[in-house]
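Both backbone and side-chain heavy atoms feed into the values below; hydrogens, waters and symmetry mates do not. The structure displayed is predicted, hence computed values, not measured ones. Counting convention: from 1, in listed order, for ligands and their atoms alike.
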Amino acid sequence: MRFLRSGNKTTAGHGRSSRLIQEKLMNTTPTVWLVGAGPGDPELLTLKAARLLAQAEIVMVDDLVNPEILQHCPQARLIRVGKRGGCRSTPQAFINRLMLRYGRQGKRLVRLKGGDPCTFGRAGEEAQWLRERGVEAGIVNGITAGLAGATQCDIPLTLRGVSRGVTLVTAHTQDDSELNWAALAAGGTTLVVYMGVARLQQIQQGLLAGGMPADMPVAMIENASSPLQRQHACQLSQLCTAATAFKLKSPAVLVIGEVVNAAALAHSYSETSQLAG
Ligand code: SAH
């Protein structure tokens, strides 16, 4: 927070009110941190995450976090709070109450989440919930699984002349409502689909019905960036049968778009993969 004292644009010349804001900010340095653990490879952790882990008294760990990352916090008390879709999970309300209790006690708490905490990770909601109750929470980026998976497979998510953007989307909604697949198909960006393993049929049918070409390449990437990573590519019209034959399991992301073919050109897939096109 040193920059706040240095008379820069943030604080210069605004008198008493800015000093009050400054003091408020100084007093609210978070002790609770919602930290991204990255996708699996422990070396994809940020330096900031490693520092906060080393300083933590308590670490609450989600189940998608690679246990090797916990080497950074041998001193901390570990609390496992898995919330994996479809499995036995720790209720969100319990997790919130625990964070609030330790936050109010001024404990140095890290809530460690897979990937990036703000990408399908609810960190924004959790931080807001804590702040509303007087506990300041900081958020630290992690590398999200979709970006890591694509890069590990040499798939450029954006590519000049091929894809002008990328859309991260979850196939799983709380109320089981369908996504606007037609809009996603028409958007023309590369799609990265999270939480899709149990909804492959809806994804395939929705995109085909929405006008996406049947031969659009799809890469399925399981356990991205970990030693267990497996990947396979197929055409959209083959998605369900290819995923069954490949025995695709969660956690996995799908990358859907012409950019997948660029990876085929680079011969970057392992021998388990057969590329479309
Ligand atoms: N915050 C996480 C996403 C949590 S949602 C992130 O930024 O990565 C959980 C979904 O993320 C899984 O269903 C899967 O689609 C994806 N996911 C998480 N880790 C993964 C991994 N190592 N490999 C592939 N997909 C992963």
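The two residues Ile221 and Ala150 come nearest to each other via the heavy atoms CD1-N, 3.9 Å. When all heavy atoms of Tyr194 and Thr119 are compared, the pair lying nearest together is OH-CG2, 4.1 Å. Nearest heavy atoms, Arg97 versus Trp129: N-CH2, 4.2 Å.
Remark: Arg51 CZ is packed, more than 12 non-hydrogen atoms of other residues, nucleotides or ligands lying under 6.0 Å away. Counted within 6.0 Å of CZ on Arg164, heavy atoms from surrounding residues, nucleotides or ligands total 12 or fewer; the atom is thus considered open. Dense packing is recorded around CD of Glu132, with more than 12 heavy atoms of other residues, nucleotides or ligands lying under 6.0 Å away.
Classification of Asp62 and Arg111 as a salt-bridged pair holds, one side-chain N sitting under 4.0 Å from a carboxylate O. Looking at Glu126 and Arg131, no side-chain N of the basic residue comes within less than 4.0 Å of a carboxylate O on the acidic one, giving no salt bridge. Ionic pairing of Lys247 and Glu222 is not present here: no N-O contact between side-chain nitrogen and carboxylate oxygen is shorter than 4.0 angstrom.
Ranking protein heavy atoms by distance to atom 4 (C) of ligand 1, first place goes to Phe120 O, 3.5 Å. The nearest heavy-atom contact from the protein to atom 22 (N) of ligand 1 is Pro39 O, 2.9 Å. Distance from atom 8 (O) of ligand 1 to its nearest protein heavy atom, with residue and atom name: Ala145 N, 2.9 Å.
The residue Val193 has no part lying near ligand 1, judged by heavy-atom distances below 4.0 Å. By the criterion of a heavy-atom distance under 4.0 Å, both the backbone and the side chain of Thr119 are placed next to ligand 1. Heavy atoms from both the backbone and the side chain of Pro251 come within less than 4.0 Å of ligand 1.
Atoms of ligand 1 lying under 4.0 Å from any heavy atom of Ile221, numbered from 1 in the order shown and given with element: 24 (C). Taking every non-hydrogen atom of Tyr194 and a distance limit under 4.0 Å, the qualifying atoms of ligand 1 come out as 8 (O), 11 (O), 15 (O), 16 (C). Near Leu64, the atoms of ligand 1 lying under 4.0 angstrom from a non-hydrogen atom of the residue are 9 (C), 18 (C). Heavy-atom contacts of Thr144 reach the following atoms of ligand 1: 6 (C), 7 (O), 8 (O) (cutoff under 4.0 Å).
At under 3.5 Å, not a single nitrogen or oxygen of Gly196, backbone or side chain, sits near a nitrogen or oxygen of ligand 1. Taking any N or O of Met195, backbone or side chain, at least one lies under 3.5 Å from an N or O belonging to ligand 1. Taking any N or O of Pro117, backbone or side chain, none lies under 3.5 Å from an N or O belonging to ligand 1. On a distance-only criterion, Gly146 and ligand 1 share no N/O pair closer than 3.5 Å. Looking at ligand 1, you'll find an N or O of Asp116 within less than 3.5 Å of one of its N or O atoms.
Of the inter-residue distances, the one linking Glu57 atom CD with Gln105 atom CD reads 9.5 Å to the nearest 0.5 angstrom.
Side chains of Thr189 and Thr167: a donor-acceptor N/O pair is present below 3.5 angstrom, by distance only.
Proximity of Gly149 to ligand 1 is not established, as no heavy-atom distance is less than 4.0 Å. In this structure, Ala252 has a heavy atom closer than 4.0 Å to ligand 1. Heavy atoms of Gly40 stay at 4.0 angstrom or farther from ligand 1.
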Item checked: Evaluation steps, side chain to side chain donor-acceptor pair (under 3.5 Å), between Ser163 and Thr190 -> CA-CA 6 Å; Ser163 170; Thr190 305; 2.8 Å; yes
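The option with the heavy atom closest to atom 2 (C) of ligand 1, from among Gly121, Ser250, Ala224, Gly114, is Gly114.
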